[in-house]
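Written out below as structure tokens is the structure these notes cover.
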Amino acid sequence: MENILSQEKVIVIDFGGQYNQLVARRVRECNVYCEIYSYKTDLEQIKAMNPKGIILTGGPNSCYEEGAPTYRKELFEMGVPVLGLCYGAQLMNHILGGKVEKAPVREYGKTETFIDGGKNSLFAGVNEKTIVWMSHFDYISKPAPGFEVLAHTADCPVAADANEEKKLYAIQFHPEVLHTQEGSKMLYNFVRGICGCSGTWRMDSFVENTVKEIREKVGDGKVLLALSGGVDSSVAAGLLSRAIGKQLTCVFVDHGLLRKDEGDEVEGVFGPNGQFDLNFIRVNAQERYYGKLAGVSEPEAKRKIIGEEFIRVFEEEAKKIGAVDFLAQGTIYPDVVESGLGGESAVIKSHHNVGGLPDFVDFKEIIEPLRNLFKDEVRKAGLELGIPEKLVFRQPFPGPGLGIRIIGEVTGEKVKIVQDADFIYREEVDKAAAEYKKENGVEAPWVPNQYFAALTNMRSVGVMGDERTYDYAVALRAVKTIDFMTAEAAEIPFAVLQTVMSRIINEVRGVNRVFYDLTSKPPGTIEME
Ligand code: XMP
């Protein structure tokens with residue numbers, strides 16, 4: 001059994017394009033492990049990793065311009081198969097003596113592409129006419145010597161070319177994007193066919209190998225983990241528990257800003273009556289948080305208080321436990337890449353849940369068992385470990401929790417209102433989605449990627465029975481999004497919204513109006529604050 005270091009791997013060299021993490025994910029879907037490195041990474045370092053194949057990504061530059069990202073020519077002389085995508089395709093042809101120029105017309109969007117030249121290993125099994133996703137200004141006007149054109153479009157004479165003998169392939173379009181109908185097949189052909197990877201990257205072996213690695217690393221040491229109940233920290237807890245049992249202590253801080261019953265659910269899974277062997281400490285810090293938040297209505301001030309209070313509570317618990325050998329964190333691969341350590345496209349994350357924790361705990365080393373995994377892989381590992389589906393497929397939930405779904409001042413009373421309204425909303429949406437699926441055999445098109453109720457700070461007059469009311473308005477939010485950077489309001493059927501509205505008004509005291517938030521992001525954000 002291989003571990004990650006000896007695992008056969010493909011290296012993705014990042015030239016700053018927007019789909020680069022997607023390239024890596026698609027490769028992993030072929031059961032081939034891959035890692036992303038910046039184009040600034042030294043060739044010797046790449047060689048030392050002994051890759052089975054190399055993929056050059058897209059990027060925003062023109063490769064013929066002075067100072068544009070480039071790479072040493074020797075990369076193409078290592079005898080390792082190389083696949084260039086978009087900018088990577090142009091760069092490969094440019095470096096090897098072909099010609100890249102500004103195209104007479106920009107090609108953008110779904111484009112019909114013709115596979116030329118009959119059989120070649122990159123397009124094996126791909127239809128002669130296929131739809132691909134194009135996005136480029138420059139084009140390859142003359143293939144590099146020794147290269148043969150493999151595909152063209154109406155506007156692009158070289159949609160793909162290759163030097164098959166040297167196993168060098170260039171694709172002008174983006175096979176990693178789902179709009180490229182047979183893109184997965186092309187990437188599969190490259191990594192499994194041309195590179196000859198055997199496809200050993202599977203989550204069951206990941207779990208097994210990582211458990212072994214953790215045991216070796218930790219020995220009889222003690223490990224401390226801040227467990228939030230989110231997917232990443234839960235899966236980290238499951239893995240560590242399987243590896244080292246009671247040497248692991250998980251501290252779960254219930255800040256009173258969780259969704260309804262969530263604290264008990266986390267305790268049910270990881271607590272003493274749960275299925276995992278570990279020390280579980282639940283800190284019920286609700287009142288403490290409400291005390292600190294009293295009178296505070298400015299969103300950033302609330303975020304700051306919630307974050308700082310978490311550190312204080314955790315620090316106190318850590319002091320009780322005493323020195324530990326390792327502090328475990330649920331860092332995952334996108335966190336690594338986005339913090340600029342992995343690839344080139346450094347989008348620094350602004351949402352940090354556990355800011356500054358390491359400074360407050362007496363430990364020797366950090367352990368991050370999920371740092372090589374994408375989110376969908378973390379979920380698969382979670383299922384392997386027997387973590388309940390409800391937890392594994394949880395929708396994203398912000399670190400400051402309901403604190404940023406209550407506009408204005410947070411109080412215990414408001415938390416209770418928003419918890420109850422949110423519970424009803426999720427229950428009805430889930431029920432309607434399940435019914436749709438049962439009737440139609442497919443998921444409803446409106447099923448949101450994130451949905452929750454929030455409490456507006458607005459009170460208004462209403463009438464209930466014969467009485468005048470002066471109560472709060474609840475806002476329902478539901479968005480369709482892929483990356484959570486942009487989003488659209490989901491088209492939840494009106495009948496479902498009506499049911500939710502009447503249940504909330506009838507069942508949740510203190511609410512007399514329900515709004516549906518139609519705002520997309522931008523200009524709105526997904527959360528309310
Ligand atoms: P926004 O509101 O910025 O949210 O459109 C985008 C995604 O990030 C989540 N989010 C947070 N997550 N701490 C987090 O861990 C935060 O402070 C935070 N604020 C927003 C939000 O739920 C959505 O998925």
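Any value given below was found using the heavy atoms of this structure, including those in side chains, with hydrogens, waters and symmetry copies removed. Values in this document were obtained by computation on a predicted structure and should not be read as measured data.
In this structure, Y33 and W201 have tilted ring planes: the angle between them lies in the 30° to 60° band.
To the nearest 0.5 Å, atoms CZ (R477) and CD1 (I492) are separated by 11.5 Å. To the nearest 0.5 Å, the span separating CD on Q7 from CG on N372 amounts to 10.0 Å. Here the CD1-CD1 distance, from I36 to I11, works out to 10.5 Å after rounding to the nearest 0.5 Å. Atoms CG and CG, from D335 and L373 in turn, are 11.5 Å apart once rounded to the nearest 0.5 Å. In this structure, CG on D325 lies 9.0 Å from CD on Q247, to the nearest 0.5 angstrom. Note: L227 CG to L278 CG = 8.5 Å, rounded to the nearest 0.5 Å.
Judged as a ring pair (Phe, Tyr, Trp, His ring centres under 6.0 Å), and not counting sequence neighbours, Y188 has no contacts. The ring pair (Phe, Tyr, Trp, His ring centres under 6.0 Å) check on F270 picks up F276, with sequence neighbours excluded. Under the ring pair (Phe, Tyr, Trp, His ring centres under 6.0 Å) criterion, F114 pairs with H152, sequence neighbours left out. Among residues two or more places apart in sequence or in another chain, the salt bridge (Lys or Arg N to Asp or Glu O under 4.0 Å) test is passed with K52 by none. For S184, the side chain to side chain contact (heavy atoms under 4.5 Å, CB included) criterion is met by R26, not counting sequence neighbours. Residues forming a side chain to side chain contact (heavy atoms under 4.5 Å, CB included) with E165 (at least two apart in sequence, or on another chain): N163. Listed by chain and number, the residues in a ring pair (Phe, Tyr, Trp, His ring centres under 6.0 Å) with F190 amount to none (sequence neighbours excluded). Scanning for salt bridge (Lys or Arg N to Asp or Glu O under 4.0 Å) contacts around D155 gives an empty result, with sequence neighbours left out.
Of all heavy-atom pairs spanning A237 and L248, the tightest one is O-CD2, 3.7 Å. When all heavy atoms of V231 and V378 are compared, the pair lying nearest together is CG1-CG1, 4.0 Å. What you find for A170 and M92 is that their closest heavy atoms are CB-SD, 4.2 Å. Taking all atoms of both residues into account, the shortest heavy-atom contact from G98 to P145 is N-CD, 4.2 Å. Heavy atoms only, all atoms of each residue included: C86 and H136 are closest at SG-CB, 4.3 Å. When all heavy atoms of F206 and P369 are compared, the closest pair comes out as CZ-O, 3.5 Å.
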Requested in this report: Would you please test Y64 and D138 for side-chain hydrogen bond (donor to acceptor under 3.5 Å, both in side chains) and show each step?
Outcome: CA-CA 10 Å; Y64 46 80; D138 291 343; 2.9 Å; yes

**Report entry** Worked verdict on K217 versus E365 for salt bridge (Lys or Arg N to Asp or Glu O under 4.0 Å)
**Finding:** CA-CA 10 Å; K217 182 165 184 173; E365 216 180 309; 3.2 Å; yes

Query raised in the report: After noting the C-alpha distance and the side-chain angles of R192 and N31, does the key distance pass the side-chain contact (heavy atoms from CB on, under 4.5 Å) rule?
Result: CA-CA 9 Å; R192 298 291 293 271; N31 300 111; 4.2 Å; yes

**Report entry** Worked verdict on I526 versus F452 for side-chain contact (heavy atoms from CB on, under 4.5 Å)
**Finding:** CA-CA 10 Å; I526 296 174; F452 55 85; 4.0 Å; yes

Report task. Test T481 against N449 for side-chain hydrogen bond (donor to acceptor under 3.5 Å, both in side chains), laying out the working first. Result -> CA-CA 6 Å; T481 174; N449 302 95; 5.8 Å; no

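The neighbour count for F484 CZ, taken as heavy atoms of other residues, nucleotides or ligands under 6.0 Å away, is above 12. Within a 6.0 Å sphere centred on NZ of K437, heavy atoms belonging to other residues, nucleotides or ligands number 12 at most. The environment of CD in E101 is crowded: more than 12 heavy-atom neighbours from other residues, nucleotides or ligands sit within 6.0 Å. No more than 12 heavy atoms of other residues, nucleotides or ligands sit less than 6.0 Å from atom NZ of K166. By the 6.0 Å contact criterion, NZ on K431 is open, its count of non-hydrogen atoms from other residues, nucleotides or ligands being 12 or less.
Between I55 and I13 the shortest side-chain heavy-atom distance does not fall below 4.5 Å. Put simply, the side chain of L476 does not reach to within 4.5 Å of the side chain of D517, judged on heavy atoms. Side-chain contact between V479 and K521 is absent, with no heavy-atom pair separated by less than 4.5 Å. At least one side-chain heavy atom of R405 sits under 4.5 Å from a side-chain heavy atom of P398. Considering only heavy atoms from C-beta on, R259 comes within 4.5 Å of R426 through its side chain. Taking the side chain as every heavy atom from C-beta outward, S135 and R106 approach each other to under 4.5 Å. Counting only heavy atoms from C-beta outward, the side chains of F15 and N61 never approach each other to under 4.5 Å. Residues K99 and I140 have side chains not in contact (no heavy-atom distance under 4.5 Å, counting atoms from C-beta outward).
Each side chain to side chain donor-acceptor pair (under 3.5 Å) pair with one or both residues in residues 233-244, not counting sequence neighbours, appears once here: S228-S233.
Put simply, the residue from V12, L22, N20 that forms a side chain to side chain contact (heavy atoms under 4.5 Å, CB included) with E176 is L22.
Looking at E164 and S121, their side chains do bring a donor and an acceptor atom within 3.5 Å of each other. T153 and E107 form a side-chain donor-acceptor contact under 3.5 Å, judged by distance and modelled atom types alone. For the residue pair Y169 / N120, no side-chain donor-acceptor distance below 3.5 Å is found, with atom types taken as modelled. Side-chain contact of Q172 with Q90: a donor-acceptor pair under 3.5 Å is present, judged by distance alone. Side-chain contact annotation: S38 with D14, donor-acceptor N/O pair under 3.5 Å absent.
The pair K375-D232 counts as a salt bridge, with a side-chain nitrogen and a carboxylate oxygen less than 4.0 angstrom apart. Under the 4.0 Å criterion applied to side-chain N and carboxylate O atoms, E377 and R25 are not assigned as salt-bridge partners.
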Determine all donor-acceptor pairs shorter than 3.5 Å in which one atom belongs to a side chain in residues 65-85; sequence neighbours excluded.
{"residue": "Y71", "atom": "OH", "partner": "T41", "partner atom": "O", "Å": "2.6"}
{"residue": "Y71", "atom": "OH", "partner": "L43", "partner atom": "N", "Å": "3.2"}

Name each donor-acceptor pair under 3.5 Å that joins a side chain in residues 379-395 to protein atoms two or more places apart or in another chain, with its distance.
{"residue": "R379", "atom": "NE", "partner": "V392", "partner atom": "O", "Å": "2.8"}
{"residue": "K390", "atom": "NZ", "partner": "E265", "partner atom": "OE2", "Å": "3.1"}
{"residue": "R394", "atom": "NH1", "partner": "G229", "partner atom": "O", "Å": "3.4"}
{"residue": "R394", "atom": "NH1", "partner": "E262", "partner atom": "OE2", "Å": "3.0"}
{"residue": "Q395", "atom": "OE1", "partner": "Y451", "partner atom": "N", "Å": "2.8"}
{"residue": "Q395", "atom": "NE2", "partner": "Y451", "partner atom": "O", "Å": "3.0"}

Only distances under 3.5 Å count here; give the side-chain donor-acceptor pairs of residues 123-134 to other protein atoms, sequence neighbours excluded, each with its distance to 0.1 Å.
{"residue": "N127", "atom": "ND2", "partner": "E182", "partner atom": "OE2", "Å": "3.4"}
{"residue": "T130", "atom": "OG1", "partner": "E182", "partner atom": "OE2", "Å": "2.7"}
{"residue": "W133", "atom": "NE1", "partner": "Y19", "partner atom": "OH", "Å": "3.2"}

